[in-house]
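First the structure, in the form of structure tokens, and then the observations on it.
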Amino acid sequence: MSKPKIAVVTEQPAKQAHTKPALRHIIQVLEAEYELDHLPVLLGESRSSKGITKSELKEAAPLLETLAGYDFVVLVGNSPLQLVTGSAGITKMRGKPIKQGDTIYLPMNNPSVILHDPLQEDVLKGDLRLFGEIVEFGGVPEEKALSIRVVLTRKDFREMLRDLRGSVSFDIETNSLNPFQTHVTKRVAGNDVQVPEPASIVAIGFGTRNNQWIIPVNHYQSPWSFDQVQEMVDEVTDCITEHEVNVITHNGKFDMLWMWVHFGVRWPMAFDTMLAHFLLDENMRHGLKYLAQVYLGAPDWEVDLSTKQGHQPLDKLVRYHAHDLFYTRELRYVFGKMLKADPEVKAVFDHILMPVANLFVEIEYDGVYINMDQFGDAELALREQYDTALADLKQWEPKDLVDNRGRPIAFNWGSTQQLADLLYRRLKLPVIERTATGNPSCNESVIKRLNHPCTAALLKFREAKQQLSFFIDGWKPYLHKRPDGYYLHPSFKLHGTVTGRLSCENPNLQQVPRDKRIRTLISAPDGWTLIECDLSQIELRVAAELAGERNMIHAFVNDIDVHWLTAIQEIARGGGLKELVIATAKTWLNTGKAPSYSEAIEALLKMGPDAAVEIDGRWKEYRKKAKAVNFGYLYGMWWKKFKDYARDSYGVIITDEEAEGSRNAFFDNYPDLPEWHNRQKRYVRRHGYVKSLSGRKRRLPEARQDDNPMDRKAAERQAINSPVQSFANDINLMAALQLRAEFGRKVVRICGTVHDAVLFRVKDEWVERVYNRMMEIMRRPALMDTLDIHMKVPIEADGAIGPWGAGVPLDKWLAARKAKK
DNA sequence: TTTGGCGGCGCG
DNA sequence: AAAGCGCGCCGCCAAA
């Protein structure tokens, strides 16, 4: 091929003057590589402030003929794309080469998108790289690397089996995201209708060194019956075991869960590219197409949903599927190398993340049991609360509301807009706070401070409304009927947070209210008992360890509750609560004589929160308040915010001086904390990231930027919080892994984790043994030694046996069981 | 009719 | 000067 003719087409609406330097940059990058012509869509500047108008596009139409004479053309932004294809949609089209005649067009984003989303920079770089490869190859490069093999005969299948050796990528296409789905909700004539649409696997694919094998399953052009596919799947299982195939996946937890639900097979995942990338850069997105584009210069091969769900011709589906398989396998080598260069992060991947991924396939398969009798009761109680509150509120409703056509409309207590209008314009109540966007706030804290008789009913209304929609109606679509009852199967994202904590969705098990009406719905079926084990004050322990905080370490080593220590120190400093302090101490000391104030303070420290609460229930609140003090000040909260907290949660109005004093006192009590804070700030400033004890990294580039002090300070606070939150979470994951490693599925089923707690059910006759062992595991997970992590601060654990939120410690549970018999 | 931001609130 | 961190999901409402 002779020297290719190359052009770049850009747009320049007047409004986006700031994009000019960015566009120039793109052109410079291209000019450095190629001899090219630059052809702006508009030779002048757009007359419209909204961008380029249709008539302006028409004016540019003659350019099309010119372009047809080029071999390769970059289209920068929406208007050039529109010019060539006749339709807009740059976000969907970018990165996908378009062939018209002998010309290959590559649409890409206008570089100004970086201003709104800095992550787009990588997308731009990837697109430029892709363009380079297209020019180099004289066509779209990966088309030549793909070798798509559709399995249509037994002969094809046997050939595939022989090809499944070494590292094999695995991926499935499905008709839904929920493997337990039986129905979907469709809107017909304004009504929600349940239409049967069971979850099904559309195609199963394997990517090897030379081929992408695809077995069509639930596709109208598939030659295979379900039983035939089942037979093939079982043969693949044997093959994987016999030849020790390394299964490579991208978000394989999803695929493996489906394979278990639909074919009853479980294949071990060896390397997940999504999780690898999550550890390598938690700030980026982790989608396969995005990563392939950024790291491999791949074109965007996304297709419409209907193709993926099997409603379009098979060849379209397999082309798409083959790309998934090919790039998953390619990324494995890219990320494998990157992990090798960072052994600490690699250890987290090998010892924690991949085992956890395999564990959570099982956790999501097993799900969590829901007590449906109680579910009905809770629903009734909440509807009753809802109706009562709403009836109560009726008297305050404005009756003269009209829409913009003058028709009367009902007042909606759930609308913050309407509520603000009522409270602040009509009733003339004072505006206490404003929201981020400057509107008068109607949140709980504000409502409580308003002096108006409607507020109590309003809060009751909100509570019932939210709990009903989140946990009653919200759960219904997810309830999965099994022979022994109903289950939820929450989905956990192992890459869901920047710190390494998991997030949870559909539904979110990690935000179930502590309100017993809801939380105790989570239980265990007949023959099983629910147990929750949690790491007590784990974040504070990890912080004490990292800070080397002498007083905290002393307290933890000597089994003194640190929240309690803070509470008592805080009270003693101000000399407050004299009566309560002395009365509680007197009861506990039981000498008949009232102790002095300082003696009483000593006694309170010694007795601990449980004994104090037993004597006077008020102590519970003071410990809770101290917990807030500890967490707030530990992570950089300022006294002003603490003042709000004290007011909202305890109705305690304190002065600025008192609030400031409490912060000073906190750091007086824990003098090693400020130096730790400074250490973290210096470290993140020097390196741009911080590390946790287990070796995870939190990258915080904003901490190095001097021109944005707000963002920099925020990054510094994250540099303090992240290693704590991250490592606390890792301990919990280690414990979950070990629990399952030590007890088989016949004995233990894990339901999920909640940051510092593991929720699981145990066969009744095993409760005592498993509970005791889990306490040991949580206090000293074996993986801590494997990863060579050693702590001065002891780890402690608590447990509760029984329905969630209503469980009791082992001794009480044993006593209750004995009494029953 | 669908989509996305906002306000609000549940959890650790 | 100003400052806890980390999530997901709901209804509302305006824009597309």
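Each chain gets a letter, A, B and so on, in the order its sequence line appears, and its residues count up from 1. The figures here come from the full heavy-atom set of this structure, side chains too, leaving out hydrogens, waters and symmetry mates. These figures come from a predicted structure and were not determined experimentally.
Residues from residues 719-735 of chain A lying near DNA chain C, meaning a heavy-atom separation below 4.0 Å, are A:N721, A:Q725 in numerical order. Residues from residues 499-513 of chain A that place a heavy atom under 4.0 Å from any atom of DNA chain B, listed by number: A:R501, A:Q510, A:Q511, A:V512, A:P513.
Residues forming a salt bridge (charged side-chain N to carboxylate O under 4.0 Å, His left out) with A:E282 (at least two apart in sequence, or on another chain): A:R698, A:R699. For A:D387, there are no side chain to side chain donor-acceptor pair (under 3.5 Å) partners at least two apart in sequence or on another chain. Residues that satisfy the salt bridge (charged side-chain N to carboxylate O under 4.0 Å, His left out) test with A:D534, not counting sequence neighbours, are absent from this structure. In this structure A:N630 satisfies the side chain to side chain donor-acceptor pair (under 3.5 Å) test together with A:H563, A:T566, sequence neighbours excluded. Residues satisfying the side chain to side chain donor-acceptor pair (under 3.5 Å) test with A:N506, not counting sequence neighbours, are A:Y478. In terms of the salt bridge (charged side-chain N to carboxylate O under 4.0 Å, His left out) criterion, residue partners of A:K308 (sequence neighbours excluded) are, by chain and number, A:E302. Every salt bridge (charged side-chain N to carboxylate O under 4.0 Å, His left out) that A:E197 has, sequence neighbours left out, goes to A:K186.
Applying the salt bridge (charged side-chain N to carboxylate O under 4.0 Å, His left out) test to pairs two or more places apart or on separate chains, those with a residue in residues 722-731 of chain A are A:R696-A:D730.
Counted by atom type alone, A:Q181 and A:N178 present zero donor-acceptor pairs between their side chains at under 3.5 Å. A donor and an acceptor atom, one from each side chain of A:R501 and A:Q510, are nowhere located under 3.5 Å apart. At a cut-off of 3.5 Å, with distance as the only test, no side-chain donor of A:Q725 or A:Y635 sits close to an acceptor on the other residue.
A cation-pi contact, defined as under 6.0 Å to the ring centre and within 45° of the axis, links A:R519 to A:W804.
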Per-nucleotide protein contact string for nucleotides 11-16 of chain C, where B marks a base within reach and S marks sugar-phosphate only (heavy atoms under 4.0 Å, - for neither) = SSSS--

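Residue A:K640 is out of contact with every strand shown, counting any heavy-atom pair closer than 4.0 Å. Counting any heavy atom pair closer than 4.0 Å across all strands shown, A:Q466 reaches a base atom. Here A:Q467 lies out of heavy-atom contact (under 4.0 Å) with every strand.
With a cut-off of 3.5 Å on both pairing distances, the Watson-Crick and G-U wobble pairs of DNA chain C assemble into stems of 3 or more at B:1-12 with C:5-16.
For A:R514, the side-chain atoms get nearest to B:dC11 when compared with the rest of B:dC9, C:dG4, B:dC11.
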